[in-house]
Amino acid sequence: MILMKDIVRDGDPVLRSEAKQVTFPLSEEDQKLAADMMEYLVVSQDPEQAKKYGLRAGVGLAAPQVGVSKMMAAVLVPSEDPEKASPFTDVIINPVIISNSVQPGALLEGEGCLSVDEDVPGYVPRHDRITLRYQNLDGETKKVRLRDYPAIVCQHEIDHLHGILFYDHIDKEHPFTAPEDTVMFE
Ligand SMILES: CC(C)(C)[C@H](NC(=O)Nc1cc(F)cc(F)c1)C(=O)N(CC(=O)NO)CC1CCCC1
Ligand SMILES: [Zn+2]
């Protein structure tokens with residue numbers, strides 16, 4: 001099981017590298033990696049388990065964050081309402097944003113990262129809406145349109161596959177200035 005000690009922190013070159021494409025059929029190793037990353041998200045989102053294992057509750061985890069420079073990330077966006085399904089849950093392999101809104105979107109409270117221990121305040125302007133193409137664990141090509149929080153999470157994870165960290169997008173001079181038509185949300 002992935003624990004916090006297994007999560008690579010900022011400063012390690014793997015977080016600044018371009019990850020390699022994943023080939024299909026998935027090797028046993030890649031299948032285990034995907035399962036372990038998704039398991040981390042599931043366990044970490046259970047307050048009791050998170051406490052037991054000392055995990056930060058995660059909504060997404062990219063392979064480079066566990067030291068594997070491969071184009072793979074697990075995403076588990078919790079639903080607002082326990083009655084509703086998660087807005088987006090999958091392991092995204094070789095993901096590509098094939099189109100996006102001109103309109104930016106950003107989280108009002110800024111972003112953090114499982115691989116960045118200190119807070120870095122400021123808006124992280126991203127696309128508010130994206131069309132994402134990726135391969136799932138079975139190698140099927142999926143095309144999904146996402147907006148707002150699920151779109152932010154996927155963009156954050158895809159950035160990791162290209163060696164980009166969230167604070168790279170923060171305007172140093174004016175961290176809390178966002179383009180005026182930015183959709184800001186909780
Ligand atoms: C860094 C951390 C603060 C742990 C962040 N979680 C988060 O923002 N809130 C959260 C977590 C939950 F599990 C359930 C919930 F409803 C809310 C996160 O997981 N990530 C993932 C990450 O670091 N991936 O590499 C950072 C988020 C910032 C914006 C998108 C992902
Ligand atoms: Zn991150």
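Start at 1 and go down the list; that is how both ligands and their atoms are numbered. Values below: every heavy atom of this structure, side chains too, minus hydrogens, waters and symmetry copies. Just so it is clear, the structure is predicted and the values come from calculations on it, not from any experiment.
- Nearest protein heavy-atom contact of atom 23 (O) of ligand 1 is Leu114 N, 2.8 Å.
- The nearest heavy-atom contact from the protein to atom 7 (C) of ligand 1 is Tyr149 OH, 4.0 Å.
- Residue pairs meeting the side chain to side chain donor-acceptor pair (under 3.5 Å) criterion with at least one member in residues 117-139, sequence neighbours excluded: Arg9-Asp117, Asp90-Tyr134, Asn94-Gln135, Ser99-Thr131, Asn100-His127, Gln103-Arg129, Glu111-Arg126, Arg126-Asp159, Thr131-Arg145, Asn136-Glu140.
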- Message: Set out, in order, the CA-CA distance, both residues' side-chain angles and the distance that settles side chain to side chain contact (heavy atoms under 4.5 Å, CB included) for Ile93 and Leu26, then state yes or no.
- Response: CA-CA 10 Å; Ile93 301 171; Leu26 290 185; 4.1 Å; yes
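- In this structure, atom 25 (O) of ligand 1 lies nearest to the protein heavy atom Gln65 OE1, 2.7 Å.
- Taking every non-hydrogen atom of Gly58 and a distance limit under 4.0 Å, the qualifying atoms of ligand 1 come out as 13 (F), 19 (O).
- When atom types are taken as modelled, the side chain of Ser44 and the backbone of Ala50 share no donor-acceptor pair closer than 3.5 angstrom.
- The nearest heavy-atom contact from the protein to atom 24 (N) of ligand 1 is Glu157 OE2, 2.6 Å.
- Scored by the side-chain contact (heavy atoms from CB on, under 4.5 Å) test, Pro175 finds Ile170 as partners (sequence neighbours excluded).
- The set of protein atoms (N, O or S) found at less than 2.8 Å from the Zn ion (ligand 2) reads Cys113 SG, His156 NE2, His160 NE2, by chain and number.
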- Where do Val77 and Thr89 land on the side chain to side chain contact (heavy atoms under 4.5 Å, CB included) test, with the steps shown first? CA-CA 6 Å; Val77 180; Thr89 297; 5.8 Å; no
- Item | Ile97/Gln155 under side chain to side chain contact (heavy atoms under 4.5 Å, CB included): CA gap, chis, key distance, verdict | CA-CA 8 Å; Ile97 293 172; Gln155 290 173 80; 3.8 Å; yes
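- Considering each of Val153, Val42, Leu41, the one bringing a non-hydrogen atom nearest atom 30 (C) of ligand 1 is Val153.
- In this structure, the protein non-hydrogen atom closest to atom 28 (C) of ligand 1 is Gly112 O, 3.6 Å.
- We find the CG-CE distance between Asp6 and Met1 to be 9.0 Å, quoted to the nearest 0.5 Å.
- Between His160 and ligand 1, a contact under 3.5 Å exists for at least one N or O pair.
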- Could you please spell out the steps behind the side chain to side chain contact (heavy atoms under 4.5 Å, CB included) verdict for Asp10 and Tyr167? CA-CA 11 Å; Asp10 194 0; Tyr167 57 75; 2.4 Å; yes
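- Of all atoms in ligand 1, listed by their number and element, those nearer than 4.0 Å to a heavy atom of Gln45 are 13 (F).
- Between His156 and ligand 1, an N or O atom pair is found at a separation short of 3.5 Å.
- Scanning the protein for heavy atoms near atom 3 (C) of ligand 1, the closest one is Arg56 NH2, 3.8 Å.
- For the ligand labelled ligand 1, residue Gly60 lies inside the 4.0 Å heavy-atom shell.
- More than 12 heavy atoms of other residues, nucleotides or ligands lie within 6.0 Å of NZ in Lys172, so this atom counts as buried by the packing criterion.
- Of all the heavy atoms of Cys113, the ones lying under 4.0 Å from any atom of ligand 1 are found in both the backbone and the side chain.
- Here the side chain of Ser79 pairs a donor or acceptor atom with the backbone of Asp81 at under 3.5 angstrom.
- Side chain of Gln45 to main chain of Val42: no donor-acceptor pair is present (N/O by atom type, distance under 3.5 Å, no hydrogens or angles).
- For atom 16 (F) of ligand 1, the closest non-hydrogen atom of the protein is Pro78 CG, 3.3 Å.
- The nearest protein atom to atom 31 (C) of ligand 1, hydrogens excluded, is given as Val59 CG2, 3.7 Å; this is a heavy-atom distance.
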- Item | Verdict with reasoning, Arg16 to Asp168, per salt bridge (charged side-chain N to carboxylate O under 4.0 Å, His left out) | CA-CA 11 Å; Arg16 290 304 191 177; Asp168 300 344; 2.6 Å; yes
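- Looking only at distances, a side-chain donor or acceptor of Ser86 sits under 3.5 Å from a matching main-chain atom of Phe88.
- Considering Ala50, Ser44, Ala57, Pro64 only, the shortest heavy-atom separation from atom 2 (C) of ligand 1 involves Ala57.
- Looking at residues two or more places apart in sequence or on another chain, you find a side-chain hydrogen bond (donor to acceptor under 3.5 Å, both in side chains) between Lys32 and Asp36.
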